Amino acid sequence: MKIATFNVNGIKARYGAVSDWLREDAPDIAVLQEIKSTDEAFPREIAEEACYELHTHGQKGFNGVALLSKTPLEDVTRGLPGDDADEQARYIEGTAIGAGGAVRICGLYLPNGNPAPGPKYDYKLAWMARLEARARELLAAEEPFLMTGDFNVIPEDRDAARPEAWAKDALGLPETRRAWRRLLNLGLTDAFRARVQGPGHYSFWDYQAGAWSRNDGIRIDHFLLSPAVADRMTDCTIQTELRGREKPSDHVPVWLTLDA
DNA sequence: ATGGTCGTTTAACGA
């Protein structure tokens with residue numbers, strides 16, 4: 001089973017790119033972020049024409065996440081538990097039933113948090129604490145799961161071309177990295193880092209200042225795997241090539257392959 | 001130190 005996460009930066013602007021990607025690369029499950037669309041305005045035919053079941057959790061103009069699956073997902077839920085007043089569409093879960101067993105897919109678009117310090121950074125840290133609580137629940141239930149999406153977290157210096165440029169940014173601040181390590185310390189696996197240790201592997205390049213042409217990137221799109229799912233991983237790769245195409249997103253897909 | 005680029009929505013705001 002192949003699962004891909006992709007921050008598309010607007011599903012309408014990326015209609016052609018995402019449509020081509022689904023047909024050519026055919027993930028079994030696609031986890032999308034920043035659809036920037038309401039559920040009603042989402043172009044459903046992008047999924048239907050490529051034979052995907054579609055589940056969206058959108059809002060007008062900003063944020064928004066989606067799950068696309070070749071086979072039906074069970075128990076789809078929307079929103080991250082822990083704050084009933086949170087109106088931002090950043091989280092969706094569904095259970096995939098594969099030959100290797102059931103996996104709970106948690107798709108997320110973690111808050112950017114800039115400027116830091118400030119209320120937006122407070123919201124990011126509170127959101128990360130809620131994500132940790134959700135991970136604890138799933139671990140306690142012994143439910144195999146993965147959390148994937150745009151985490152807006154640069155885990156370590158090797159995950160940025162210029163780490164010094166991010167040291168005081170909400171994506172790279174020590175408190176952000178501590179919250180990330182709390183997730184790892186629960187026993188979750190950073191899938192890409194379990195496969196590749198070296199520097200120079202990124203998933204985002206800013207549109208500005210020729211960041212892509214200078215390979216001035218950061219790795220912020222991740223897969224975190226529960227122990228049972230980590231045991232099933234056979235590969236994890238970044239589809240860097242997509243960033244060089246016409247009218248790209250500023251993020252590229254990250255892929256996870258599980259046995260069966 | 002500033003501005004540089006996109007997407008959504010149409011004057012800024014978010015990233």
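Letters A, B, ... mirror the listed sequences (proteins, then strands); counts begin at 1. Just so we're clear, the structure is a prediction, and the values are computed from it rather than from any experiment.
Between A:Pro111 and A:Pro248, the residue anchored closer to the 5' end of DNA chain B is A:Pro248, taking for each the nucleotide with the nearest heavy atom. For the pair A:Arg14 and A:Asn112, both in contact range of DNA chain B, the more 5′-proximal nearest nucleotide belongs to A:Arg14.
Relative ring orientation between A:His222 and A:Trp180 is described as tilted, the plane-to-plane angle lying within the 30° to 60° band.
Heavy atoms from other residues, nucleotides or ligands lying under 6.0 Å from CG of A:Asp84 number 12 at most.
Under 3.5 Å, the side chains of A:Thr176 and A:Tyr121 contain a donor-acceptor pair of N or O atoms. Looking at A:Gln239 and A:Trp21, their side chains do bring a donor and an acceptor atom within 3.5 Å of each other. Under 3.5 Å, the side chains of A:Thr5 and A:Gln33 contain a donor-acceptor pair of N or O atoms.
Put simply, chain A comes within 4.0 Å of DNA chain B, heavy atom to any atom, from B:dG4 to B:dA15, going 5' to 3'.
With both ends at atom P, the span from B:dG14 to B:dT10 equals 14 Å, rounded to whole Å. Separating the C1' atom of B:dT9 from that of B:dA15 is a span of 16 Å, rounded to the nearest Å. When the C1' atom is used for both B:dG7 and B:dA11, the distance is 14 Å, rounded to whole Å. Separation of the P atoms belonging to B:dT2 and B:dC6 is 23 Å when rounded to the nearest angstrom.
No contact: A:Phe204 has no heavy atom under 4.0 Å from any strand. In this structure, A:Arg90 reaches the sugar-phosphate backbone alone: every heavy-atom distance under 4.0 Å involves primed, P, OP1 or OP2 atoms, never a base.
A:Arg219 places none of its side-chain heavy atoms less than 4.5 Å from the side chain of A:Arg158.
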